[in-house]
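Notes to accompany the following structure.
Numbering of residues begins at 1 and proceeds along the displayed sequence. For the numbers below, each heavy atom of this structure counts, side chains included, while hydrogens, waters and symmetry mates do not.
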Amino acid sequence: MAKFYDKITSRIQKFIEVQKVFFVATAPKNGRINLSPKGMDSFRVLNENRVAWLSVTGSGNETSAHLLEDNRITIMFCAFEGAPNILRLYGKAKEVLPKDSEWNNLITQFPKLEGTRQIFDVAIESVQTSCGMSIPFYEYKEERNQLLDWAKDKGEDAIEQYWEDRNKVSIDGLKTKFNDE
């Protein structure tokens, strides 16, 4: 049975901190709903009603485009080991770029990752836990380093050109915050 909370409790925070993957969902007013898996050491609970995740360069930038139209976001974690649990964080998100005043404070929460693109800062409105009894067990093996290696080999200038070429418009043709520069 699903249970709702108005904040991230210490028990919920501990669950989040041991997860290796999470999923982010956003949607524009019209167009495709985006649901993306995220990994690496890129998620932080900042307080009981605020989280952030560090986004590295990807093939698209859907979250950025969607948040400009509708800042609603859902983040989901699933227990792939241990007790069955599904956790959803519902909130309103904003994108923070290196040029933004909040950047210097937020970036200190994360390790240095090659290809860092932006941080998403989320005000949590509600938290939901539910059973994960249908979620299979998976054993964590290791992180994939291909994306970080690719970004390092490309270098900062080429990464910025990649953003210019591929991260300014969503798959539905919506502008991202990278157009503000």
Side-chain angles (χ1 to χ4, degrees), residues 1-27 33-58 61-64 66-98 100-145 147-148 151 177:
M1 171 84 90
K3 201 170 176 185
F4 282 91
Y5 303 85
D6 60 2
K7 65 182 180 182
I8 297 170
T9 65
S10 59
R11 181 183 61 78
I12 290 170
Q13 181 171 346
K14 287 176 187 164
F15 173 76
I16 290 170
E17 289 172 349
V18 297
Q19 302 312 304
K20 302 294 184 191
V21 63
F22 60 100
F23 302 86
V24 175
T26 57
I33 296 168
N34 186 58
L35 175 62
S36 293
K38 306 294 179 186
M40 299 188 230
D41 184 15
S42 62
F43 194 88
R44 295 293 181 272
V45 174
L46 302 177
N47 65 44
E48 62 187 19
N49 288 106
R50 186 174 170 217
V51 299
W53 97 84
L54 180 71
S55 178
V56 295
T57 301
N61 200 6
E62 303 308 296
T63 304
S64 176
H66 293 178
L67 293 179
L68 288 176
E69 282 196 15
D70 186 342
N71 65 349
R72 293 177 311 140
I73 192 165
T74 301
I75 302 168
M76 184 181 80
F77 295 87
C78 299
F80 294 111
E81 56 190 21
N85 191 24
I86 298 171
L87 172 70
R88 291 177 184 89
L89 304 174
Y90 300 99
K92 305 278 189 194
K94 69 177 183 175
E95 177 180 6
V96 180
L97 297 174
D100 297 329
S101 61
E102 307 98 324
W103 179 265
N104 288 336
N105 185 47
L106 286 171
I107 195 64
T108 63
Q109 303 294 316
F110 300 97
K112 181 172 173 28
L113 296 176
E114 298 292 335
T116 290
R117 180 172 60 184
Q118 71 244 94
I119 297 170
F120 292 99
D121 187 350
V122 183
I124 301 301
E125 296 176 331
S126 68
V127 176
Q128 178 198 34
T129 60
S130 60
C131 78
M133 290 186 235
S134 66
I135 305 302
F137 286 107
Y138 280 97
E139 186 175 332
Y140 174 76
K141 186 175 179 181
E142 63 186 24
E143 294 288 335
R144 295 178 195 249
N145 292 317
L147 182 60
L148 298 177
K177 194 173 175 188

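- Applying the salt bridge (Lys or Arg N to Asp or Glu O under 4.0 Å) test to pairs two or more places apart or on separate chains, none has a residue in residues 75-92.
- For F15, there are no ring pair (Phe, Tyr, Trp, His ring centres under 6.0 Å) partners, not counting sequence neighbours.
- Listed by chain and residue number, nothing satisfies the side chain to side chain donor-acceptor pair (under 3.5 Å) test with E125 (two or more places apart in sequence, or in another chain).
- Evaluation of the ring pair (Phe, Tyr, Trp, His ring centres under 6.0 Å) rule for Y138 yields F80 as partners, not counting sequence neighbours.
- With sequence neighbours excluded, the residues forming a salt bridge (charged side-chain N to carboxylate O under 4.0 Å, His left out) with D70 are R72, listed by chain and number.
- Considering only residues two or more places apart in sequence or on other chains, F77 meets the ring pair (Phe, Tyr, Trp, His ring centres under 6.0 Å) condition with F22, F43.
- Every residue two or more places apart in sequence or in another chain was checked for a side chain to side chain contact (heavy atoms under 4.5 Å, CB included) with K14, and none qualifies.
- Qualifying side chain to side chain donor-acceptor pair (under 3.5 Å) partners for N145, counting only residues two or more places apart in sequence or in other chains: none.
- Partners of E95 by side chain to side chain donor-acceptor pair (under 3.5 Å), not counting sequence neighbours, listed by chain and number: S64, Q118.
- Sequence neighbours left out, the pairs with a member in residues 37-50 that pass salt bridge (Lys or Arg N to Asp or Glu O under 4.0 Å) are K7-E48, D41-R44, R50-D121.
- Screening residues 101-120 for ring pair (Phe, Tyr, Trp, His ring centres under 6.0 Å) gives W53-F120 as the qualifying pairs, with residues at least two apart or on separate chains.
- Side chain of T57 to backbone of G115: a donor-acceptor contact under 3.5 angstrom is found.
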Checklist entry - Does the pair I124 and V122 meet the rule for a side chain to side chain contact (heavy atoms under 4.5 Å, CB included), with working shown? => result CA-CA 6 Å; I124 301 301; V122 183; 3.8 Å; yes
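- Qualifying salt bridge (charged side-chain N to carboxylate O under 4.0 Å, His left out) partners for E102, counting only residues two or more places apart in sequence or in other chains: K94.
- Contact check for L87 versus Q19: no side-chain heavy atoms found under the 4.5 Å cut-off.
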